[in-house]
Participant: 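Quick one: the structure is below, questions incoming.
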There are 2 protein chains.
Amino acid sequence: MHPAMADVRPEAILHALSDPVRAAIFARILRTGCVEACSAVSALGDRVIPKSSLSSHFKVLREAGLIRSERHGVEMRNHSRWDEVQARFPGLLPAIINAYAAESGTEAGTATGP
Amino acid sequence: MHPAMADVRPEAILHALSDPVRAAIFARILRTGCVEACSAVSALGDRVIPKSSLSSHFKVLREAGLIRSERHGVEMRNHSRWDEVQARFPGLLPAIINAYAAESGTEAGTATGP
DNA sequence: CCCATAGTTCGGAATTTCGGTACTAATGGT
DNA sequence: ACCATTAGTACCGAAATTCCGAACTATGGG
């Protein structure tokens, strides 16, 4: 379910984050520290994303090694594997997050941590 | 044909480089400074990539704002837009190139320039 | 002009993604 | 224990994307 960090491939990370919806989900996980899948729906701007799509987006992020998901009662807690990814591919995640932030004019300073 | 750098979107860059073949092409352009499409075929490891596929790979890289292509007689000279991309999304390209280098064990030091 | 070489375009097959419906898992109330 | 409710996943057909062979276009040399 969760790949070992040694098995994580850069192309999987790039592919996962090349989708704006997934990038937004990941950014949100970084900001809030922890997000359950369903509540992310309404919060992702105007677009309504069906549950099944959301579920597969989380799956892609999980299998790319970007997040870790664990059940907590009836809901799912997703948190980023920032430190692990950072150790394996230094600077990759900050650069990507900053690129998205620069694009959307979301003047968010320089990303350096989760 | 070549987008203005202001129109370049991070998702396009991530998508373009999330394909290992395109990433290899781009890395090769960075190393050699300049590459024509057809000769890249044989040089990209063992795999034989048809001309038509190569052509569309170059198109994706071009439209992502990563490379600039210009005819020089009968052949095509492709060179990277590294500095422009670097100005728009600082650190993004080095991080991606390093990630691929780290994965393939191609101990290539820290990427900092074209 | 004709040929050779370098790339693009086109079109159909294979693959991937999207999303609705049906299903499973866990919890709380009664 | 049972049912209702809520969270998420599995499955499957539709839509979109990618792949690549064949036909086409462009440029330069003889």
Side-chain angles (χ1 to χ4, degrees), chain A residues 1-3 9 11-26 28-29 32-64 66-80, chain B residues 1-3 9 11-26 28-29 32-64 66-80:
Chain A
M1 194 127 193
H2 295 103
R9 304 252 159 257
E11 56 261 42
I13 292 181
L14 296 186
H15 171 251
L17 295 180
S18 72
D19 181 305
V21 171
R22 284 193 293 265
I25 292 175
F26 186 65
R28 168 176 259 278
I29 290 176
T32 68
C34 181
V35 154
E36 71 278 20
C38 262
S39 72
V41 181
S42 54
L44 235 45
D46 40 2
R47 201 136 109 57
V48 175
I49 298 150
K51 273 204 311 181
S52 57
S53 302
L54 218 22
S55 180
S56 45
H57 281 317
F58 275 94
K59 187 179 181 187
V60 171
L61 290 170
R62 206 158 42 226
E63 294 182 342
L66 287 169
I67 65 175
R68 196 179 290 280
S69 312
E70 38 188 72
R71 275 202 103 95
H72 237 257
V74 75
E75 68 190 30
M76 202 66 111
R77 302 270 175 88
N78 298 284
H79 54 88
S80 94
Chain B
M1 194 129 196
H2 296 102
R9 305 252 159 255
E11 56 261 43
I13 292 181
L14 296 186
H15 171 252
L17 295 180
S18 70
D19 181 307
V21 171
R22 283 193 294 264
I25 291 174
F26 187 64
R28 167 175 260 278
I29 291 176
T32 66
C34 182
V35 154
E36 71 278 20
C38 263
S39 71
V41 180
S42 54
L44 235 45
D46 40 3
R47 200 135 111 58
V48 175
I49 297 150
K51 273 204 311 181
S52 56
S53 303
L54 260 197
S55 180
S56 45
H57 282 318
F58 275 94
K59 186 178 181 188
V60 171
L61 290 170
R62 206 157 43 227
E63 294 182 341
L66 287 168
I67 65 175
R68 196 179 291 280
S69 313
E70 39 189 71
R71 276 203 102 95
H72 237 257
V74 76
E75 68 191 28
M76 203 65 111
R77 302 269 176 87
N78 298 285
H79 55 90
S80 93

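A, B, ... follow the sequence lines: proteins, then strands. Residue 1 opens every chain.
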Participant: Output the rounded distance in Å from CE (B/Met76) to C1' (C/dT8).
Facilitator: 9 Å
Participant: Atom CD of A/Glu70 and atom C1' of D/dT9: how far apart are they, to the nearest Å?
Facilitator: 18 Å
Participant: Distance check needed: D/dT17 P versus A/His15 NE2, whole Å only.
Facilitator: 12 Å
Participant: Would you give the length of the straight line joining atom CD1 of A/Ile67 to atom CD1 of A/Ile25, rounded to the nearest 0.5 angstrom?
Facilitator: 8.0 Å
Participant: Tell me the interatomic distance from A/Ile49, atom CD1, to D/dT9, atom C1', rounded to whole angstroms.
Facilitator: 17 Å
Participant: Could you please name the option among D/dA7, C/dG19, D/dC19 that lies closest to any side-chain atom of A/Glu75?
Facilitator: D/dA7
Participant: Mind checking side chain to side chain donor-acceptor pair (under 3.5 Å) for A/Arg68 and listing every partner two or more places apart, or none if nothing turns up?
Facilitator: A/Glu84
Participant: To the nearest Å, give me how far apart NE2 (B/His57) and C1' (C/dG7) are.
Facilitator: 15 Å
Participant: Can you see which heavy atom on A/Asp19 is nearest to which on A/Val21, and at what distance?
Facilitator: OD1-N, 2.7 Å
Participant: Round to a whole Å and report the spacing from CZ of B/Arg47 to P of D/dT18.
Facilitator: 15 Å
Participant: Is B/Ser53 near enough to D/dC20 that one of its side-chain N or O atoms lies under 4.0 angstrom from OP1 or OP2?
Facilitator: yes
Participant: Under a 4.5 Å cut-off applied to non-hydrogen side-chain atoms, are B/Leu66 and B/Leu17 in contact?
Facilitator: yes
Participant: Tell me the interatomic distance from B/Leu54, atom CG, to C/dT5, atom C1', rounded to whole angstroms.
Facilitator: 15 Å
Participant: For A/Arg77 and D/dG8, is the shortest distance between a side-chain N/O and OP1 or OP2 below 4.0 Å?
Facilitator: no
Participant: Quick one, give me the B/S/- string for nucleotides 23-30 of chain D, reading 5' to 3', where B means a protein heavy atom under 4.0 Å from the base and S means that only happens at the primed atoms, P, OP1 or OP2.
Facilitator: ----BS--
Participant: Please evaluate residues B/His15 and B/Arg22 with respect to the criterion side-chain contact (heavy atoms from CB on, under 4.5 Å), reporting the C-alpha separation (whole Å), side-chain torsions for both, the decisive distance (0.1 Å), and the verdict.
Facilitator: CA-CA 10 Å; B/His15 171 252; B/Arg22 283 193 294 264; 3.9 Å; yes
Participant: Give, for atom OG of B/Ser56 and atom CD of B/Glu63, the distance between the pair rounded to the nearest 0.5 Å.
Facilitator: 10.5 Å
Participant: Has the side chain of B/Ser52 got a donor or acceptor atom sitting under 3.5 Å from an opposite partner on the base of D/dG21?
Facilitator: yes
Participant: Scan A/Asp19 against the nucleic acid and name what it touches under 4.0 Å (heavy atoms): base, sugar-phosphate only, or nothing.
Facilitator: sugar-phosphate
Participant: Check the distance between C/dT17's P and A/Lys59's NZ and give it to me in whole angstrom.
Facilitator: 11 Å
Participant: Using the rule given for side-chain contact (heavy atoms from CB on, under 4.5 Å), can you reason through B/Lys59 versus B/Ser69, listing the C-alpha separation, both sets of side-chain angles and the distance that settles it, and then say yes or no?
Facilitator: CA-CA 9 Å; B/Lys59 186 178 181 188; B/Ser69 313; over 6 Å; no
Participant: By the 4.0 Å heavy-atom rule, please label B/Arg22 as base, sugar-phosphate, or nothing.
Facilitator: nothing
